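The structure presented is a predicted model; accordingly, all values stated were derived computationally and were not measured. Remember, it's 1-based here, ligands and their atoms both numbered in the order they're listed.
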Amino acid sequence: MEIKIIVGDIAQIEADAIVVNLFEGMEQPGGATAAVDEVLEGVLSSLISRGEIKGKFGEVSIVHTFGKLPAGIVAIAGLGKRQDFNVDRIRGITGDFCRALRKLNCHRIATILHGSGIGGIELEASAEAIAEGALLGLYGFTKYKKPEYEDIEEILLAVREKGKVPILETAIGKGKLVAEAINLARDMVNEPANCMTPGQMAEAAKEIAGKYNLEFKVFDREDMETMGMGALLGVAKGSNQPPKLITLSYKGDERSEKAVGFLGKGITFDSGGISIKPSEGMNEMKDDMAGAATVMTAVVAIAQLKPKINVTAVIPATENLPSGTALKPGDVLKAMNGKTIEVINTDAEGRLILADALSYAQKLGLSPLIDLATLTGACRIALGTLYSGVFSNDQDLADKVLKAAKGTGEKMWQMPMPEEYKEQIKSEIADVKNIGNRYGGAITAALFLAEFAANTPWVHIDIAGTASSTKESGYIVKGATGVGIRTLVELALREAKSQEAI
Ligand code: BES
Ligand code: ZN
Ligand code: ZN
C-alpha cells in the first residue's frame with residue numbers, strides 16, 4: 001500500500017472514497033467536513049442534526065455522493081469528544097475507517113490530516129499516526145488463508161500547503177517503518193508453533209540481520225552448557241526442538257562501548273510442561289514468544305531510524321513441553337549466575353529462561369536492561385488486556401519507559417515490588433523457588449527476575465494481557481498486537497537524543 005501526500009482540496013480528489021471527520025457533540029461541521037457538506041448541499045449537516053452522525057469515537061458513517069463529488073463515497077470519521085482527543089485516537093480511527101472502506105471495495109482513498117485543525121495536533125504527528133493506523137488496522141495474517149477483502153492500494157493525504165510536503169513525507173516514512181516492524185512481529189507471533197520453532201526464530205533473526213546490517217549471534221545447547229545456563233537448559237529439556245539463545249545488535253554509536261539490552265521471552269510454545277495447562281485455550285500459547293518478536297522487530301525499526309545509540313536484543317528461545325526428559329516439579333536448577341532455583345511449577349518457565357538471559361546480558365555489559373515477556377496470567381487478571389505491567393529496580397529508568405510509552409499511546413502501568421513479598425519465593429532447599437502463593441503472581445514473578453537483574457538498572461514489562469487480542473478495534477486486529485515495539489523504539493530515540501545533549 002502506498003501513502004502519498006496530495007496538495008489540494010479533498011472534495012475535488014478523484015478517489016473511491018474521501019474521509020472527513022466530526023468531533024462528538026458538534027452541531028455544525030467545520031473545516032474540510034463543512035466544505036464537503038456544502039458540495040453535498042447540506043446532507044452531512046442534516047444527518048448530524050438528525051443524530052444519525054454523532055461523531056462518537058470509532059464511528060464511521062458512509063454517505064454516497066451520487067455524482068456530486070468525484071469520489072463516490074464520503075466517510076465521516078468520529079473523533080470522539082474534543083477533550084479526549086489525542087494522537088493515539090488518530091491511529092485508532094484510521095484503522096477503523098480503513099477497514100470500513102476496504103469492506104466497501106475501495107482501493108484508493110483520500111483523507112485529511114485528522115486532528116490538525118481544531119484538534120490541535122501537529123500536521124507531522126497526524127500524518128505519522130495515519131500511516132501507522134492504516135498499516136496496523138489493515139493488517140491480516142494471510143499466510144494460510146486468502147483474505148476476505150481486496151487491499152486498499154493507495155491512501156492520499158490531502159494538505160493545503162505545498163511547503164509542508166517534505167516534512168510530511170518524512171513523518172509518513174517513519175510511521176510506515178514502525179508499523180511495518182510491528183506487523184513483522186505480528187506475523188512472527190501469529191505463526192503457529194510448528195512453523196516458529198526456536199530454530200526457525202533464529203533463522204528469522206539471521207535474515208533480519210542480513211537485511212538491516214545487524215550483528216547476529218546464535219548459541220546452541222552446547223554453548224549454553226559451557227556458559228552454565230542451567231535454567232534455560234532445564235526448560236528446554238522436555239522438547240525435541242533444540243533451544244537457541246539469539247542476539248541481534250545494532251551499532252549506531254561506534255564511539256561508545258555502551259549498549260542498551262532488550263530482552264524478550266521466546267517460548268515458542270508453552271504447554272506448561274509437566275505442570276501441564278488445561279487443553280482449552282492452550283493453542284494461545286504459541287504467542288508465548290511475543291516478547292522475543294517485540295525486541296527483534298524493535299531493533300529492525302531502530303536500525304532504519306539510525307539513532308546514535310547501541311542496542312542489543314537478547315532472546316532465549318525454547319519450547320516448554322512435557323516428556324520423559326522434561327523438567328519436573330521439585331527439580332533444582334543452577335542458573336548462569338550460580339543461583340540455585342527450586343522449580344515448584346514447570347509452567348512458570350518464562351522467568352527461568354529470562355533468569356539466564358539477564359545474566360548473559362550482564363556478561364555482555366548491557367545496561368540498562370528492558371525485558372518484555374508474556375510472563376503471567378496474573379498480570380492479565382490485574383490489569384486486563386489494555387495495560388501492560390511495568391516493574392523495575394530503578395525508578396528513573398521506569399519513569400523513562402513510562403514516558404516513552406505514553407508518547408506512543410501504548411498503555412503501561414507500574415506495579416509495586418514490595419520486599420515483603422520476597423518471602424514467597426524463598427525455598428527450603430535452594431536460593432529461590434520459581435513461584436509464590438496464589439496472590440500477586442505478576443509481582444512475585446518480577447521479584448524472581450529481580451534476583452537475576454542484580455544491580456543493573458532494569459525494567460520488566462509483562463505483556464501477558466496485551467500481546468494478543470480477541471477483538472478488532474481501531475488499529476488493533478484479532479491475534480498478535482505487536483505491543484511494546486513503539487515504546488522501545490521511542491525510548492531508543494529519546495536516549496540517543498539525551499546522550500547527544502551531554
Ligand atoms: N505464558 C504463561 C503466561 C500467560 C498466561 C501468558 C496467559 C499469556 C496469557 C506463563 O508461562 C505461565 O504459564 N505462567 C503461570 C505462572 C504460574 C504457574 C505461577 C500463570 O500465569 O498461570
Ligand atoms: Zn508457562
Ligand atoms: Zn509462558
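Protein heavy atoms all stay at least 4.0 Å away from atom 22 (O) of ligand 1.
In Lys265, the part holding a heavy atom less than 4.0 Å from any atom of ligand 1 is the side chain. With a 4.0 Å heavy-atom cut-off, ligand 1 is reached by the side chain of Asp288 but not by its N, CA, C or O. With a heavy-atom cut-off of 4.0 Å, Arg380 touches ligand 1 through its side chain alone. Under 4.0 Å from ligand 1, the heavy atoms of Arg351 that appear belong solely to its side chain.
Close contacts between ligand 1 and Glu349 involve ligand atoms 11 (O) [criterion: under 4.0 Å to a heavy atom]. Every atom of ligand 1 is numbered from 1 in the order shown, and the set under 4.0 Å from a heavy atom of Asn345 is 18 (C). Listed by number with element, the atoms of ligand 1 under 4.0 Å from a non-hydrogen atom of Met285 are 1 (N), 4 (C), 5 (C), 6 (C), 7 (C), 8 (C), 9 (C). Atoms of ligand 1 found under 4.0 Å from any heavy atom of Ile435, numbered from 1 in the order shown, are 19 (C).
Where the criterion is an N or O separation shorter than 3.5 Å, residue side chain and backbone included, Thr376 fails it with respect to ligand 1.
Between the OD2 atom of Asp288 and the OD2 atom of Asp270, the angle taken at the Zn ion (ligand 3) works out to 90° after rounding to 10°.
Note on Leu375: not counted as a metal contact of the Zn ion (ligand 3), no N/O/S atom lying under 2.8 Å.
Side-chain contact, Thr466 with Ser388: a donor N or O sits under 3.5 Å from an acceptor N or O. Using modelled atom types, one finds no donor on one side chain facing an acceptor on the other under 3.5 Å when comparing Asp253 with Asn310. Donor-acceptor pairing under 3.5 Å is recorded for the side chains of Thr487 and Glu410. Residues Asn86 and Arg89 have side chains that never bring a donor and an acceptor to within less than 3.5 angstrom of each other. Between the side chains of Tyr139 and Glu180, no donor N or O sits under 3.5 Å from an acceptor N or O.
The N, O or S atom of Glu349 with the smallest distance to the Zn ion (ligand 3) is OE2.
Remark: minimum distance from atom 2 (C) of ligand 1 to any protein heavy atom is reached at Asp270 OD2, 3.6 Å.
Salt-bridge formation is detected for the pair Arg494/Glu490: a Lys NZ or Arg NE/NH1/NH2 atom is positioned less than 4.0 Å from an Asp or Glu carboxylate oxygen.
Compare Ile267, Leu375, Leu352 by their heavy atoms: the one nearest to atom 10 (C) of ligand 1 is in Leu375.
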